[in-house]
Amino acid sequence: MTAPEEAVAVCFSVSVDKDDLGSFNSCEGLGCEFVIEQREEGGNNGMVWQLPTRIKYPNVKLTRPVTKDSQKITNWIAGMAAGIKRRTAVIEARTLEGKTIASWSLAEVIPVRWTGPQLSAEQAKVATETLELAHHGFLDAR
């Protein structure tokens, strides 16, 4: 029996409707929150009912150094000038060798924000970009 692989050193590959946006080295916001409504029942002082009402999905933020793949994001966003169309995105966590450890399919994705690099000759640091995506939940991978 082999031990399960863990995503210790990973990059995140992102595609939107099979358009490859490249790899990112940081991904935050994958998750969900179940909104709970509390109801007190008259005469029952020993408990409060916890009732789930809806699921909220935070925006996903992907960050990477600027590379030749940066143009893929600006092309994708420029293609929405005539109108925004919600799409399906797939985020794959991969090892540095390229093996997929886990993947998440996001429903009805739209870009919220793209932040390009801050370029300055006074500071010697890596130019990075961030892509923020909104979505309506996860698709079942079955």
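No hydrogens, no waters, no symmetry mates; every other heavy atom, side chains included, goes into these values.
Between T63 and T128, the side chains place no donor N or O within less than 3.5 Å of an acceptor N or O (distance only, hydrogens not considered). Side chain to side chain, W114 and E129 meet the donor-acceptor criterion of an N or O pair below 3.5 Å.
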Before you tell me yes or no, could you show the steps for I91 and L30 under side-chain contact (heavy atoms from CB on, under 4.5 Å), namely the whole-Å CA-CA distance, both residues' side-chain angles and the distance that decides it to 0.1 Å? CA-CA 10 Å; I91 300 173; L30 281 175; 4.2 Å; yes
Apply the test side-chain contact (heavy atoms from CB on, under 4.5 Å) to residues I36 and T53: give CA-CA distance (whole Å), side-chain angles for both, the deciding distance (0.1 Å), then the verdict. CA-CA 6 Å; I36 303 296; T53 58; over 6 Å; no
Carefully, step by step, assess W76 and R87 under the rule side-chain contact (heavy atoms from CB on, under 4.5 Å). CA-CA 11 Å; W76 177 52; R87 309 210 180 239; 4.2 Å; yes
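The SG atom of C27 sits 7.0 Å away from the CH2 atom of W104 when rounded to the nearest 0.5 Å. Atom CG of L139 and atom CD of E108 lie 8.5 Å apart (nearest 0.5 Å). For the atom pair OG of S13 and CZ of F24, the computed distance is 9.0 Å after rounding to the nearest 0.5 Å. Summarising the geometry, atom CD belonging to Q50 is positioned 14.0 Å from atom CZ belonging to F34; distances are rounded to the nearest 0.5 Å. Note: E28 CD to T130 OG1 = 8.5 Å, rounded to the nearest 0.5 Å. Rounding to the nearest 0.5 Å gives a distance of 10.5 Å between CG of L62 and OG of S23.
V16 and I110 fall within a single hydrophobic cluster, where Ile, Leu, Val, Met, Phe, Trp and Tyr are joined by side-chain heavy atoms under 4.5 Å apart, directly or via other members. Linking Ile, Leu, Val, Met, Phe, Trp and Tyr whenever their side-chain heavy atoms come within less than 4.5 Å leaves F138 and V112 in two separate clusters. Two different hydrophobic clusters hold F12 and V66 under the rule that ILVMFWY side chains link at heavy-atom gaps under 4.5 Å.
Here the side chain of T100 pairs no donor or acceptor atom with the backbone of A102 at under 3.5 angstrom.
Evaluated for a side chain to side chain contact (heavy atoms under 4.5 Å, CB included) with V14, the options L131, L21, D19 yield exactly one hit, L21.
Contact detail for E132 and R113: the closest heavy-atom pair is OE1-NH1, 2.5 Å. In terms of heavy-atom proximity, N25 sits nearest to P65 at ND2-CD, 3.7 Å. The two atoms that bring G31 and P58 nearest to each other are O-CD, 3.3 Å, heavy atoms only. Closest non-hydrogen pair, C11 versus T95, comes out as SG-O, 4.5 Å.
The existence of a salt bridge linking E41 and R39 is excluded, since no basic side-chain nitrogen approaches an acidic carboxylate oxygen closer than 4.0 Å. Under the 4.0 Å criterion applied to side-chain N and carboxylate O atoms, D20 and K72 are assigned as salt-bridge partners. Comment: E92 engages R94 in a salt bridge, judged by a side-chain N to carboxylate O separation of less than 4.0 angstrom.
Between H135 and Y57, the angle of the ring planes lies from 30° to 60°, which puts this pair in the tilted group.
Using a 4.5 Å cut-off on side-chain heavy atoms (C-beta onward), C32 and K56 make no contact.
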